[in-house]
Amino acid sequence: MPEIHTHEADEHDSAYAGLLVNDAHWAFGTDFEDPLAGVDTTVPEGIDAHELATYCLRLGDDALILSQRLSEWCSRAPDLEEDIALANVALDLLGQARLLLARAAAADPSLVPALPEGSPVPPEDALAFFRDDREFRNACLVELPNGDFAETVGRILVFATYRLSLFQRLTSHPDAVLRAVAAKGVKELTYHRDFAGRWFLTLARGSDESRRRLEAGLARTWAYRHELGEDDEAELVLEQVLATSGIAAPDVRPISTGGRHTEHLSRLLAEMQVVARQHPMGVW
Amino acid sequence: MVPAVLDQRRVERARAVAATVTDPELPMLTLHDLGVLREVALDEDGGVVVAITPTYSGCPAMATMRDDLLHRLQAAGFAEARVRVALEPAWTTDWITPEGRAALAEAGISPPGPAPRREGPVALSLSPTRRAVRCPRCGADDVALTSEFGSTACKAMYRCRDCLEPFDHLKEI
């Protein structure tokens with residue numbers, strides 16, 4: 001067997017070696033730099049800045065909340081590979097959320113919650129951590145509890161199918177930032193949809209128990225899917241997965257929450273936001 | 001035009017410095033080999049601006065890459081250097097250089113094949129992705145996909161049925 005190479009010693013071996021002077025940052029949040037550094041965030045002519053911002057916020061909130069939900073699987077998935085896969089899906093969605101919230105804040109700064117004078121919280125983190133449940137614009141589908149693995153697989157399948165279809169259309173959006181996020185997201189969502197679709201098929205063809213759980217979980221997701229928008233192409237893809245799996249579309253009535261969230265969102269936000277809210281001035 | 005020539009030399013020198021910075025997760029690759037380093041240029045004030053493109057939307061290594069670039073450039077005398085994010089076009093594994101691919105294989109990571117061409121709606125794929133992957137340790141082509149997701153967002157996990165070793169494959173995007 002050939003020698004296994006690691007690497008020559010370099011500055012990444014010491015957590016302190018790469019630090020720049022004066023790089024204290026807000027202690028919480030996703031990362032320590034502007035995700036749109038140097039990107040032209042001018043809103044194109046003919047586009048309403050507020051509408052663009054709220055649209056990006058909606059898309060960003062969907063990704064943020066599902067990312068937080070999926071992160072709950074960390075160390076609890078059926079096996080290590082699926083644990084890593086779910087964490088990777090969550091990470092991709094968190095990345096999309098960060099860019100979309102940053103884009104929303106740049107397009108319409110009035111959407112960003114006010115924080116104490118001199119607060120180091122970047123705008124996208126202010127949106128993520130300092131809004132209340134009623135201000136979140138995500139679909140209820142992404143805030144529902146995970147359920148078991150089969151239910152999570154069905155939910156990722158539905159979400160990724162709709163989002164992939166939408167993002168493909170958004171690659172020709174007049175806003176260059178949204179267009180770029182969509183083009184990047186298409187590549188990531190393709191993996192998410194295929195991951196969920198393959199597991200859907202596997203569980204459908206597995207045991208009576210795996211099939212029973214898949215159908216029960218899908219019924220809970222299905223009632224909320226209309227919130228993701230009308231999309232014939234996404235529906236066709238879902239029909240294809242269901243037909244291949246020999247699973248009938250759940251016979252459930254759409255649940256309409258009338259624009260309100262379910263009670264599950266506030267609990268999710270409490271866990272996600274509690275530490276950040278205690279330390280709006282926290283720097284390290 | 002002497003100043004233009006001097007500017008050009010400055011950019012070339014800055015590019016050479018930036019090209020030595022390595023990826024924090026794949027330290028056998030420079031950012032140039034990875035295709036993340038997109039452009040080195042001067043702004044209106046003559047400051048060096050380096051453009052980098054994220055591999056994945058949520059790639060947590062971006063901050064480290066930026067810090068490493070600034071650190072290296074500042075040490076080389078480019079005190080006013082800046083790093084900007086270039087989101088478009090999106091990063092693709094096709095940008096990894098031949099030297100980068102060789103370095104990956106040398107380190108036991110299977111390099112990516114050609115990225116999928118996208119025309120029209122993305123096709124659904126319910127069977128495991130077929131790739132012409134060889135074991136980077138023993139060279140056998142009898143390998144099995146363990147998971148489409150690996151230790152970092154950009155890798156899939158495989159195992160070799162011949163030498164039985166697991167290995168990472170940088171997946172095509």
Side-chain angles (χ1 to χ4, degrees), chain A residues 1-2 4-8 10-12 18-20 23 30-39 67 81-82 84-89 91-96 98-99 164-165 168 176-177 179-181 183-191 193-195 197-198 200-201 233 237 240-241 244, chain B residues 22-28 49 51 53-54 56-60 62-64 66-68 70-72 74 82-92 106-108 115-116 118 120-129 136-138 146-153 156-157 163 165 171 173:
Chain A
M1 200 175 105
I4 295 170
H5 297 265
T6 57
H7 65 285
E8 301 292 322
D10 67 18
E11 62 260 44
H12 299 124
L19 289 181
L20 299 167
D23 75 340
T30 48
D31 211 356
F32 298 141
E33 51 158 343
D34 177 7
L36 297 178
V39 175
S67 173
E81 283 77 14
E82 271 30 80
I84 293 170
L86 290 168
N88 267 297
V89 173
L91 178 63
D92 284 344
L93 292 174
L94 187 63
Q96 292 176 15
R98 186 165 183 234
L99 288 163
L164 177 56
S165 178
Q168 286 182 88
V177 182
R179 199 164 63 219
V181 173
K184 186 81 215 163
V186 163
K187 299 180 180 213
E188 295 163 349
L189 293 162
T190 299
Y191 274 97
R193 190 184 68 178
D194 286 348
F195 162 79
R198 289 167 197 174
F200 195 91
L201 188 59
E233 276 175 38
V237 173
Q240 196 186 335
V241 180
T244 310
Chain B
T22 54
D23 180 277
E25 294 289 341
L26 299 166
M28 71 297 290
V49 185
T53 295
Y56 281 75
S57 304
C59 179
M62 287 301 282
T64 310
R66 186 211 56 173
D67 286 355
D68 289 350
L70 289 181
H71 211 234
R72 200 69 64 82
Q74 286 169 3
R82 283 192 296 128
V83 174
R84 72 176 177 89
V85 177
L87 294 177
E88 208 175 18
W91 182 78
T92 161
E106 175 82 358
R118 293 187 198 285
V122 180
L124 174 72
S125 162
L126 291 177
S127 39
T129 312
R137 301 190 197 285
C138 74
T146 316
S147 172
E148 277 293 343
F149 297 89
S151 56
T152 60
M157 291 191 281
C163 74
E165 288 290 328
K171 56 193 183 193
I173 66 165

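Just so we're on the same page: letters track the sequence lines, and every chain starts at 1. Computed over heavy atoms, backbone and side chain alike; hydrogens, waters and symmetry mates excluded. These numbers were taken from a predicted model, which means no experiment stands behind them.
B:Lys171 places no side-chain N or O within 3.5 Å of a backbone atom of A:Tyr191 that could act as its donor or acceptor partner. Although no hydrogens or angles enter the test, the distance criterion places a donor-acceptor pair under 3.5 Å between the side chain of A:Glu188 and the main chain of B:Ser57.
For a residue to count as touching a neighbouring chain, one of its non-hydrogen atoms must lie under 4.5 Å from one of that chain's; by this rule B:Thr92 touches chain A with backbone and side chain alike. If you measure heavy-atom distances from A:Leu99 to chain B, the contacts under 4.5 Å come from the side chain alone. The part of A:Gln168 that comes within reach of chain B is its side chain, from C-beta onward, which places non-hydrogen atoms under 4.5 angstrom from that chain. If you measure heavy-atom distances from A:Gln96 to chain B, the contacts under 4.5 Å come from both the backbone and the side chain. Looking at B:Pro54, the atoms closer than 4.5 Å to chain A (heavy atoms on both sides) all sit in the backbone: N, CA, C or O. Proximity to chain A (any heavy atom under 4.5 Å) is shown, for B:Thr129, by both the backbone and the side chain.
For the atom pair B:Arg66 CZ and A:Asp34 CG, the distance stands at 9.5 Å (nearest 0.5 Å). The distance from the CD1 atom of A:Ile84 to the CE atom of B:Met157 is 4.0 Å, given to the nearest 0.5 Å.
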Applying side chain to side chain donor-acceptor pair (under 3.5 Å), run through A:Arg198 and B:Ser125 and close with a yes or a no. CA-CA 8 Å; A:Arg198 289 167 197 174; B:Ser125 162; 3.1 Å; yes
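Summarising the geometry of B:Ala153 relative to A:Asp92, their closest heavy-atom pair is CB-OD1, 4.3 Å, with the distance given to 0.1 Å.
More than 12 heavy atoms of other shown residues, nucleotides or ligands fall within 6.0 angstrom of atom CZ in A:Arg179.
With chain B as the partner, the residue from A:Gln240, A:Glu81, A:Lys184 showing the most heavy-atom pairs under 4.5 Å is A:Lys184. Of all the listed residues (B:Thr152, B:Ile173, B:Val122, B:Val49), the one sharing the greatest number of non-hydrogen pairs under 4.5 Å with chain A is B:Val122. Taking A:Ala85, A:Ser165, A:Ala87 one by one and counting their heavy-atom pairs under 4.5 Å with chain B, the maximum is reached by A:Ala85. Contact count versus chain A (heavy atoms, under 4.5 Å) is highest, among B:Gly150, B:Gly108, B:Ala86, for B:Gly150. Of the residues considered (B:Ala115, B:Ser127, B:Cys163), B:Ser127 shows the highest number of contacts with chain A, using heavy-atom pairs under 4.5 Å. Residue with the most contacts toward chain B among A:Val39, A:Val181, A:Leu36: A:Val39 (heavy-atom pairs, distance under 4.5 Å).
Counting heavy atoms from C-beta outward, A:Asp194 and B:Leu124 have side chains that approach closer than 4.5 Å. At least one side-chain heavy atom of A:Val89 sits less than 4.5 Å from a side-chain heavy atom of B:Phe149.
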